[in-house]
Amino acid sequence: MSDVLPLMGPLPVHQIASRFAEYFGGLGLPVGRVLLGVSGGADSLALLHLMHTVALPMGFELVVAHADHGLHPDSDQVANLVSRYAASLSLPAVVGRLNLPPGASESASRDARRAWLDQVRVEQGCAFLILGHQRDDQVETVLMRVLAGSGPAGLAAMMAVQGTVVRPLLNFTREELAGYLAEAGWRCWQDPANADPRHTRSWLRVAVLPLLAGREPSVADLLVRVADQAGENRRAWDTVLEQLPALGVAVESGGVSVAAAPLLGYDSGLARTLIQAAGRRAGAVVGPKVAERVRMLVASGRSGAWVPLGGAWRAELDFGRLRIIRREGRLPLSQTGLGVASPGAVRWGRWNLAWRHEPAPDRVPRDGWTSWFIPGGCTVRAWHAGDRIRPRGGVGRRLVVHCMQDALVPRADRLDWPVLLAPEVGPLLWIPGICRAEDAVPPPGSEALRIDVDPG
């Protein structure tokens with residue numbers, strides 16, 4: 001592959017650019033910084049050109065990201081091609097080498113690429129990841145979902161806006177985008193894997209779909225119609241969650257929760273469909289078989305029990321609520337000192353703690369996420385079985401676990417819940433968000449150490 005880029009001259013107003021402007025504008029995205037995933041193929045380069053032509057004048061700030069899988073001898077040249085096109089448009093580009101093992105599967109490559117792109121999106125402060133999937137990709141995805149035995153929600157395939165992922169090319173065919181790119185004078189990379197029938201998607205593209213089109217010329221339109229109808233069905237069920245107030249849908253850190261008892265009163269099919277909709281609301285994929293396992297979990301009534309949903313996702317039953325939540329692996333957290341140098345802040349696991357000195361208020365509350373202490377510093381650590389606290393306004397000392405149970409803290413959330421102690425292994429002073437101790441309370445108006453805790 002030559003690394004000499006053709007010069008890009010001024011282009012006439014193109015019909016596709018006008019259509020793209022109308023479609024992209026109709027997505028209603030808030031103006032801001034967005035990340036473009038650019039592979040170097042025709043679709044993603046057309047996306048780059050169109051976003052620069054249309055979205056940049058709208059006020060969007062564009063960042064280009066290219067994932068180099070390292071699986072093809074030309075991968076370095078492809079990365080260079082993308083970087084140079086981005087530079088020609090005065091756009092910043094981030095290139096990452098994934099270092100996948102030889103022979104990595106199509107799904108493994110996709111998962112690694114998406115994980116890296118989302119990491120870059122967060123690091124670059126981008127609200128959305130913009131991808132170049134187009135109409136033919138949608139047709140292939142529907143067929144792949146059929147072969148995988150997907151239900152109606154799966155047949156909806158790709159959505160134009162799905163969480164932080166945006167696909168603004170779903171109304172354009174592969175041929176249209178290739179023609180647009182040719183008119184722009186841009187050259188693209190042709191990935192040989194796209195024509196390799198060993199990959200399911202490529203097999204559908206080069207063998208199955210042409211065969212179907214020979215019998216039914218409108219097969220692509222029909223499959224897109226299947227996706228549209230399934231998408232409408234999926235959106236309707238997502239809306240039903242809000243139309244059943246007894247479910248009490250609540251967004252929580254890392255997921256969502258619904259009241260468990262109402263699910264038991266519904267027909268099993270309805271309960272499974274609502275569980276799947278709750279999973280989508282959280283960002284998890286819950287298939288019909290897994291949804292039935294979750295329904296049985298609810299029927300068991302075993303508080304603290306859970307069902308794996310794949311990856312870090314799980315469904316938990318706690319205090320009468322079903323939680324669909326992401327539980328990343330948690331490392332043991334070390335004991336950390338606070339408040340010696342003021343002001344200050346520290347990230348402790350998923351928790352953020354900040355402190356400063358100020359006059360103590362007239363009243364130090366028993367609960368809440370802010371508390372005040374006699375100056376001298378504190379120590380934060382994870383709670384231990386057997387820990388006790390002397391609650392403000394209470395009598396005697398209570399087990400921390402009982403305080404957590406009274407506050408309806410799910411069992412899995414208790415694992416890394418912090419407690420604050422006086423220095424030198426003094427008494428337990430505070431369970432943030434749950435209970436403040438009677439110890440180390442500063443007199444009103446005196447100098448005090450204020451600590452704020454954000455559960456993250």
Side-chain angles (χ1 to χ4, degrees), residues 8 10-65 82 85-86 89 91 114 117-118 121 126-142 145 155-186 188 205 218-236 238-239 280:
M8 189 184 80
L11 291 175
V13 176
H14 197 287
Q15 179 189 12
I16 287 183
S18 299
R19 283 172 52 200
F20 180 82
E22 180 179 0
Y23 186 77
F24 183 77
L27 296 179
L29 301 181
V31 173
R33 188 176 173 92
V34 296
L35 185 71
L36 309 183
V38 180
S39 68
D43 302 337
S44 65
L45 286 175
L47 172 70
L48 171 59
H49 195 287
L50 285 165
M51 288 292 290
H52 181 264
T53 302
V54 171
L56 204 64
M58 291 181 178
F60 285 88
E61 185 179 353
L62 311 180
V63 180
V64 175
V82 172
Y85 274 131
L89 301 176
L91 298 178
R114 283 293 302 276
L117 286 171
D118 201 53
R121 179 188 67 81
C126 298
F128 296 99
L129 168 62
I130 317 291
L131 298 177
H133 296 117
Q134 31 74 5
R135 191 174 185 270
D136 296 285
D137 292 324
Q138 182 79 311
V139 170
E140 294 158 7
T141 300
V142 174
R145 299 285 175 86
L155 294 179
M158 296 180 287
M159 313 291 281
V161 180
Q162 200 164 5
T164 58
V165 176
V166 180
R167 300 178 176 92
L169 297 183
L170 291 180
N171 273 12
F172 301 89
T173 67
R174 185 176 290 122
E175 183 179 5
E176 287 176 321
L177 295 171
Y180 175 83
L181 200 66
E183 185 172 335
W186 280 24
C188 66
R205 180 181 304 153
S218 60
V219 63
D221 293 335
L222 295 173
L223 289 170
V224 169
R225 186 188 305 173
V226 168
D228 290 343
Q229 292 173 347
E232 183 177 1
N233 178 275
R234 184 164 76 176
R235 288 189 295 273
D238 292 347
T239 302
R280 288 193 296 275

Next item on the list: Check the pair Val38, Tyr85 against side chain to side chain contact (heavy atoms under 4.5 Å, CB included), reporting the backbone distance first and the verdict last.
Entry: CA-CA 10 Å; Val38 180; Tyr85 274 131; over 6 Å; no

Next item on the list: Show the numbers, then the answer: is there a side chain to side chain contact (heavy atoms under 4.5 Å, CB included) between Glu140 and Leu223?
Entry: CA-CA 9 Å; Glu140 294 158 7; Leu223 289 170; over 6 Å; no

Next item on the list: Any chance you could lay out the side chain to side chain contact (heavy atoms under 4.5 Å, CB included) test for Leu29 and Val34, step after step, and finish with the verdict?
Entry: CA-CA 10 Å; Leu29 301 181; Val34 296; 5.7 Å; no

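Taking each heavy atom of Asp43 and Leu169 in turn, the nearest pair found is O-CD1, 3.7 Å. Of all heavy-atom pairs between Gly59 and Val31, the closest is O-CG1, 3.1 Å. The minimum heavy-atom distance linking Tyr23 with Ala160 is given by the pair OH-CB, 3.4 Å. Looking at every heavy atom in both residues, Ala230 comes nearest to Leu155 through CB-C, 3.7 Å.
The neighbour count for Glu175 CD, taken as heavy atoms of other residues, nucleotides or ligands under 6.0 Å away, does not exceed 12. The environment of CZ in Arg114 is sparse: at most 12 heavy-atom neighbours from other residues, nucleotides or ligands sit within 6.0 Å.
Between the side chain of Arg234 and the backbone N or O of Arg280, no donor-acceptor pair lies under 3.5 Å.
Ring planes of Phe60 and Phe24: perpendicular class, angle over 60° (limits at 30 and 60°).
Ion pairing between Asp118 and Arg121 holds under the 4.0 Å rule for side-chain N and carboxylate O.
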